[in-house]
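What follows is a single structure, written as structure tokens, with notes after it.
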2 protein chains.
Amino acid sequence: MESTALITDLYELTMTQSYLEHGKTGKAVFSLFVRRLPENRNFLVACGLETLMKSLENFKFGDRELKYLKSLGIFKDWFLDYLRELELDLEFYALEEGTIFFQNEPILQVEGSLPKAQLIETLVINLIHFETLIASKAVRNYIAAKGKTLVDFGLRRAHSPMAGLLSARACYIGGFNGTSNLQAGMLYGIPVFGTMAHSYIMVFDQEEEAFRAFAKSFPDRVFLLIDTYNTVEGAKKALKLLKEGIKVLGVRIDSGDIPELCREVRRIFDQEGFKDVKILVSGGVDEYDIERWVSEGVPIDAFGVGTKLLTSADAPYLDIAYKLVEYEGKPKFKESPGKKTFPYKRQVWRFLKDGKFDYDKVSRFQEGGLVKRVSFPLPSLKEIRERVLEQINQLPEELKSLRKKVEYRVEVDE
Amino acid sequence: MESTALITDLYELTMTQSYLEHGKTGKAVFSLFVRRLPENRNFLVACGLETLMKSLENFKFGDRELKYLKSLGIFKDWFLDYLRELELDLEFYALEEGTIFFQNEPILQVEGSLPKAQLIETLVINLIHFETLIASKAVRNYIAAKGKTLVDFGLRRAHSPMAGLLSARACYIGGFNGTSNLQAGMLYGIPVFGTMAHSYIMVFDQEEEAFRAFAKSFPDRVFLLIDTYNTVEGAKKALKLLKEGIKVLGVRIDSGDIPELCREVRRIFDQEGFKDVKILVSGGVDEYDIERWVSEGVPIDAFGVGTKLLTSADAPYLDIAYKLVEYEGKPKFKESPGKKTFPYKRQVWRFLKDGKFDYDKVSRFQEGGLVKRVSFPLPSLKEIRERVLEQINQLPEELKSLRKKVEYRVEVDE
């Protein structure tokens, strides 16, 4: 894997050189937290820790990186030597992946020598921010879908291939059943799903010919895209195949008046006794659509969710920060307007009432709460996903609302 | 570099196997275009072609990829052999990077055997979509800034490190002067900028001590962050250093009432004759802020633009599609509601009036318009950037509006 050491802002390196020059190498604690939740989020899901830990294994300054840094004419030779020899002997305290969390709660705290804990800032924020953003969006779809199948179809409009890959992981953690992304299937073992595109249908002279050709190629995986020309006519052609004994598992509808089309298509299959044929809906779907259609009883079995999920379109970023909270045992905090921070390494305590989240408390660190020292092996994706789904059951109903802003009580011990 | 072949949706591979089984290997043309521009965009900037071309060089199915595909139990052995031997002998017709374009204009057209042109769909959309999205956002900042310096500070909240890297490239193309992203500096030669973080200031017992320490470490690069405790007091400390002969190049303000603070800070420096000290503003800045502050004459010399730029927060995706438009010389098009496409390989003609864009025409392809066959070497980043800035001068004023939606006339020859 390539070095991740230059996935950073220039100032991390200038600061680090200067820290070393001025003997600022004492023990520091940095805390990564979200100041305020976005308007459209009542809770967030911690995600990205494993990705970060793996990336830090490759946080190494090799010849290429050092040659580039030298070319900038900013850094001293002794500092470049320091970077070459760098070992990130840092300790990490974190909410386990899949933990639901709220404003001002430390997702990750990094403890160690100041220059080292500073150097990794940009990578820490980037990786935890993004997967947390997407897992938090995905779980809203999970809540809305009430048990129906959810598949991530978003790779093509994710913000880079890597965003697509990390999103597939975060969506699975957030309750999705699978992804169309083969790289994610290979690297994470996430189940992969797929049907066919409109181009496939259009290459054949007749839609029915296309359906038959696909069924011949993949007799056990016949899932037909029926909206290329006319969705109802498409469903009737699928029905024709079914009547001939071809095992059509389902159909996909990607455009049009979804509730009306789904009802009509459902009727077409049900009338002839093909009640097992699934209907998958895609095409700009988000959790608001899912919630509406599910609550209206629109006969949909599965959702292919893409663009708005992988870009977290209604909240495309979090107000996340990585701040120095302690240096050489002394408290550190900032009082800039709107950007207040709290000092010291922290613990998060969660209090339940009748089995549901009641309130949280953030206090100075001691063992026993939600924040744990990161140790290996890290949990598997399945374990993380199960942790998320368990907590969803513990969320008060009002926090699960997709539209109503509810602020969960977090008491911060100042 | 790692294989890019599995940066794809499962259905691309199932379709491809089926095409081969049914002899659908004739010449196809796929077209990548944006159906409708987002509400907040009057024009877009084509970007990402070089990134795509480089990624396609690594579109190879190696042992690891093939082993995974075999494990799915979906594909036939002869098809896996086909993938192993795959050579992408495709032809690409594209708008040159940096070309301003509008709805229904083909950004990229891929011509070649159907299975091959299909296989790369997901990667094509992903890479062109994202850099186009960011370049189109960046150029709005460029228009708003009216010549003031713009630096991309967004890596930490980009959607993955790769999104940060590709964004730095797209921002530079869209008129930015540089980036804080060192990886982008190394890989693309983009100028890098940086100051210091609040943590640096906070590690020292006194703010002034921090300023002096930084000045000692980097006497030629003294750019001071002055808002950690009190911005006006911070400016006075910077002034103290200036009076002692320390070469303070500028100050950064990251929070608070920006117009008021900038005016006050400017006054502090100007009163004592330090008119060259620059003021850089950061912290949630976007083109709307920039436009307002520049038009109000707020004394700001440079903007550090981050989160909202690299997530394209006011338009986080484009309605982009890669559609089959021609197969074996026959026209292909789709009539799904709201997803109409136009057949055949196309050319884009641009008509100017008094040196300004007047209207565009999209017709069947013939040489001589904006669409050109992709040939190597591709233009340099600087050349692409200059092309963008030249076209900005040719844009009618109303199209440059950040807030008013104006639809440019594109005549599509059906």
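Predicted model only: the values in this text are computed from it and were never measured. Each chain gets a letter, A, B and so on, in the order its sequence line appears, and its residues count up from 1.
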Show the numbers, then the answer: is there a side-chain contact (heavy atoms from CB on, under 4.5 Å) between A:Arg156 and B:His129?
CA-CA 8 Å; A:Arg156 61 191 55 200; B:His129 170 261; over 6 Å; no

Judged by modelled atom types alone, do A:Gln118 and B:Ser199 share a side-chain donor-acceptor pair under 3.5 Å?
yes

Using a cut-off of under 4.5 Å on heavy-atom pairs, state which of B:Phe153, B:Phe75, B:Phe193 scores highest against chain A.
B:Phe193

So, the part of A:Glu328 with a heavy atom under 4.5 Å from chain B: the answer is neither

Heavy-atom contact with chain B under 4.5 Å, split by part of A:Phe218:
side chain

Apply ring-ring contact (aromatic ring centres under 6.0 Å, His included) to A:Tyr19 and B:Tyr200, showing your working.
CA-CA 8 Å; A:Tyr19 286 150; B:Tyr200 183 89; 5.4 Å; yes

Under 4.5 Å from a heavy atom of chain B, the part of A:Ile7 involved
both

With a 4.5 Å cut-off on heavy-atom pairs, point out which of A:Val192, A:Thr51, A:Leu123, A:Thr231 contacts chain B the most.
A:Val192

Any heavy-atom pair between the side chains of A:Leu182 and B:Asp9 that's under 4.5 Å?
no

B:Met196 vs A:Thr14, test: side-chain contact (heavy atoms from CB on, under 4.5 Å). Steps then yes/no.
CA-CA 8 Å; B:Met196 67 192 61; A:Thr14 47; over 6 Å; no

Portion of A:Leu165 that has a non-hydrogen atom of chain B nearer than 4.5 angstrom
neither

Quick one: which of A:Gly48, A:Ala184, A:Gly164, A:Ala197 has the most heavy-atom pairs under 4.5 Å with chain B, could you say?
A:Ala197

A:Ser217 and B:Lys76: which non-hydrogen atoms are nearest, and at how many Å?
O-NZ, 3.6 Å

Chain B interface, residue from A:Gly194, A:Ser18, A:Ala163 that has the most non-hydrogen pairs under 4.5 Å:
A:Ser18

Select one option (side chain, backbone, both, neither) describing which atoms of A:Arg157 are under 4.5 Å from chain B's heavy atoms.
both

Heavy-atom pairs under 4.5 Å with chain A, option from B:Phe130, B:Tyr322, B:Phe214, B:Tyr317 with the top count
B:Phe130

What distance do A:Phe333 atom CZ and B:Thr228 atom OG1 have between them, rounded to the nearest 0.5 Å?
13.0 Å

Residue from B:Gly185, B:Pro316, B:Pro161 scoring the most non-hydrogen pairs under 4.5 Å with chain A is B:Pro161

For chain B, the option from A:Ile201, A:Leu187, A:Ile320 that forms the most heavy-atom pairs under 4.5 Å:
A:Ile320

Could you list the donor-acceptor pairs under 3.5 angstrom formed between side-chain atoms of residues 64-73 of chain B and any protein atom two or more places apart in sequence or on another chain?
| residue | atom | partner | partner atom | Å |
| --- | --- | --- | --- | --- |
| B:Glu65 | OE1 | B:Gly62 | N | 2.9 |
| B:Lys70 | NZ | B:Asp77 | OD1 | 2.9 |
| B:Ser71 | OG | B:Tyr68 | O | 2.5 |

Using a heavy-atom distance cut-off of less than 4.5 Å, which residues of residues 20-28 of chain A contact chain B?
A:Glu21, A:His22, A:Lys24

Closest approach of A:Lys330 to B:Asp205 (non-hydrogen atoms, all atoms of both residues):
NZ-OD1, 3.9 Å

Could you have a look at B:Ala313, B:Ala213, B:Ser167 and say which one has the most heavy-atom pairs with chain A under 4.5 angstrom?
B:Ala213

Is it the case that more than 12 heavy atoms not belonging to A:Glu260 sit under 6.0 Å from its CD atom?
no

What part of A:Leu318 gets within 4.5 angstrom of chain B, counting heavy atoms only: side chain, backbone, both, or neither?
backbone

For A:His159 and B:Thr311 the tightest heavy-atom approach is CE1-O, 3.6 Å

Heavy-atom contact with chain A under 4.5 Å, split by part of B:Glu121:
side chain

Top of A:Phe204, A:Tyr327, A:Phe223 for chain B proximity - count of heavy-atom pairs under 4.5 angstrom
A:Phe204

Selection from B:Met186, B:Gln183, B:Glu131 maximising heavy-atom pairs under 4.5 Å formed with chain A
B:Met186

Within the 4.5 Å heavy-atom criterion, are B:Asn126 and A:Leu155 side-chain neighbours or not?
yes

Locate the shortest heavy-atom distance separating B:Leu324 from A:Met202; write the atom from each residue and the value.
O-CE, 3.6 Å

Name the member of A:Thr195, A:Thr122, A:Leu13, A:Leu10 that forms the most heavy-atom pairs with chain B at distances under 4.5 Å.
A:Leu10

Checking A:Leu127 against chain B: side chain, backbone, both or neither under 4.5 Å from a heavy atom?
side chain

